[in-house]
J.: 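Take this structure, written in structure tokens, and hold onto it; I'll ask about it next.
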Amino acid sequence: MPTAGLDRVEGERTAAVAAAPTMWRRPLAERAAALLLGPPGPARLPARVELAIRAQERDSEILVCWAQLGAITVFAAIYWLSPKTFPPNAPFEPVPATLAAYGLFTLLRLWLARRDRLGPWFLTVSVLIDVAVLMVTIWSFHLQYDQPPGLYLKAPTLLYVFIIIALRALRFDPRWLILSGLTACLGWAALVAYALAWPQMPGAETVSAVTHSYVEYMTSLKILIGAEVDKIIAFLAVTAVLSLAVVRARRMLVRAVAEGTAAMELSRFFAPEVARTIVAADDAIRPGEGMLREAAAMFIDLRGFTRLSQELDPHELVRLLSEYQGVVVPIVHRHRGSITTYLGDGIMVTFGATRPNATYAADALAAAEDLLAAFADWRSRRTSGGLAAPDVGVGICTGTVVYGAIGDAARLEYAVIGDPVNRAAKLQNHTKAERVRALTTVDALHLAEAQGHRPAGTVEPRPARTVSGIAEPLDLVVLG
């Protein structure tokens, strides 16, 4: 190898070695983030997906409000039914007033949530009020029982903090959950500070309110700093774990909504059965995977469309196609057919190919009869309105087809292929030579009759017809 070539190879090797740490660190960080937070969602979400996620958030906020109203109702019932633990001559009862005020505020939130009028500022205020109501209620206990503040530090009511934090997880937005947890930590730290600053009983100025004995802490109103720190650590730990779960759940929600929206869009671009096949596939769909089906193929085509495309205004041409397809699609679906392909003014329809169907031939002929009647009405309406009203041609053939994915790994398409498909296309084209609107074969007619279909319109046999592109003569039937 020439010296210049060796120098170039060595330079590339040196650059690769120098870049290796960065290359390794980045994938490792990405893998760690994916493991911790879940796979990332799309870099950019379409507006319709964002609207769907916003609707989910609104429903979640409504659920939070109902959950809080349910909790308020349960707490009120427990309070009124259970024996009171405070003295009968207590100066006031904070719980009824607190529950009533909080209930009214929650009803206001529910009203706003149902109208999708909960802005970020109101949600922030809601979180602060949720925690503040609980902390003020706990703080009032020492006044209610006429005891030092060390009393409320042992109140089991503190456990309701975890309910308040957990309710915020229903919204799939970690911001409000984190705000709730941090507010609870600050609120409890403020209550601890208030208790520490409370003056001691007269004559006991030298006695500290703080103890280092767990037994003394549990059996008196003394304050154990470590125990209060443990509570704050528990708030932070629950907030962190739930926030992580919410972040992962939100990413999953975004992917689920995006995939659900994509699946809905697939059903607009593909036959519903094809869309369901793609979405429900357990493994990656590979080209060349097909299955044999007994089916009917139908081709529908507008007569003289090429000439019309040159004569009509583009908007009028598109309107014509839209009306024409609007006639075809409902009838095809009503008879359990699938729109397999749009070919400009041509439409390929199959019965029993994308979805097994024991009456595929009967459905195809029944659909053809309804289509002919519907097209007659459509042409009459357009003619009376002074609009172009082209006629149609329909060809139908039955037999064994192959339904599956074709193409390569980069570009796949579900298709229905086989001799019945080719023959149906040629029969549709042959309607012009026969000067009729719809043709099928005698075999297809007999099969449809065996499957329970009795032709409602006229049926005219035309035996031994030579059809362009088909080697042997066919016994045809005119549908009308």
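Reckoned from all heavy atoms, side chains included, excluding hydrogens, waters and symmetry mates.
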J.: Q451 side chain to A361 main-chain N or O, any donor-acceptor pair under 3.5 Å?
T.: yes

J.: Can you check salt bridge (charged side-chain N to carboxylate O under 4.0 Å, His left out) on R168 and E61, steps first, answer last?
T.: CA-CA 9 Å; R168 285 292 138 200; E61 191 61 38; 3.4 Å; yes

J.: Name the atoms and distances for all side-chain donor-acceptor pairs under 3.5 Å in residues 65-74, with sequence neighbours left out.
T.:
| unit_1 | atom_1 | unit_2 | atom_2 | d |
| --- | --- | --- | --- | --- |
| Q68 | OE1 | R109 | NH1 | 2.7 |
| Q68 | NE2 | Y102 | OH | 3.2 |
| Q68 | NE2 | D130 | OD2 | 3.3 |
| T73 | OG1 | L69 | O | 2.9 |

J.: Taking all non-hydrogen atoms of both residues into account, name the closest pair between V332 and F351 and its distance.
T.: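 So the minimum-distance heavy-atom pair works out to O-CE2, 4.4 Å.
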
J.: Looking at T211 and L224, what are the two nearest heavy atoms and their distance?
T.: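 Residues T211 and L224, closest heavy atoms: O-CD1, 3.2 Å.
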
J.: State whether a side-chain donor-acceptor pair under 3.5 Å links R336 with T359.
T.: yes

J.: Once you round to the nearest 0.5 Å, how far does CD of E228 lie from OH of Y217?
T.: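 Here the interatomic distance stands at 4.5 Å.
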
J.: I need the minimum non-hydrogen distance between S180 and V131, along with the two atoms involved.
T.: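 Nearest heavy atoms, S180 then V131: O-CG2, 3.9 Å.
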
J.: Where do D370 and R334 come nearest, in terms of heavy atoms and distance?
T.: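 In terms of heavy atoms, the two residues are closest at OD2-NH2, 3.8 Å.
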
J.: For A195 versus G150, what's the shortest heavy-atom pair and its separation?
T.: CB-N, 4.4 Å

J.: Nearest 0.5 angstrom please: T124 OG1 to I129 CD1, how far?
T.: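 Answer for the OG1-CD1 pair, T124 versus I129, is 11.0 Å.
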
J.: Can a donor-acceptor pair be found, under 3.5 Å and without considering hydrogens, that links the side chain of K222 to the backbone of S213?
T.: no

J.: Just by modelled atom types, is the L170 backbone N or O under 3.5 Å from a matching donor or acceptor in the S60 side chain?
T.: yes

J.: Angle between ring planes, F122 versus F105, binned at 30° and 60°: parallel, tilted or perpendicular?
T.: parallel

J.: To check you understand the geometry: which heavy-atom pair defines the closest contact between F162 and V238, and what is its length?
T.: CE2-CG2, 3.6 Å

J.: Is it the case that over 12 heavy atoms from other parts of the model lie below 6.0 angstrom from the OH atom of Y194?
T.: yes

J.: Could you list the residues that satisfy side chain to side chain contact (heavy atoms under 4.5 Å, CB included) with A190, not counting sequence neighbours?
T.: none

J.: Please table the atom pairs, donor to acceptor, closer than 3.5 Å between any side-chain atom in residues 111-119 and protein atoms at least two apart or in another chain.
T.:
| unit_1 | atom_1 | unit_2 | atom_2 | d |
| --- | --- | --- | --- | --- |
| R115 | NH1 | W111 | O | 3.3 |
| D116 | OD2 | R54 | NE | 3.4 |
| D116 | OD2 | R54 | NH2 | 3.4 |

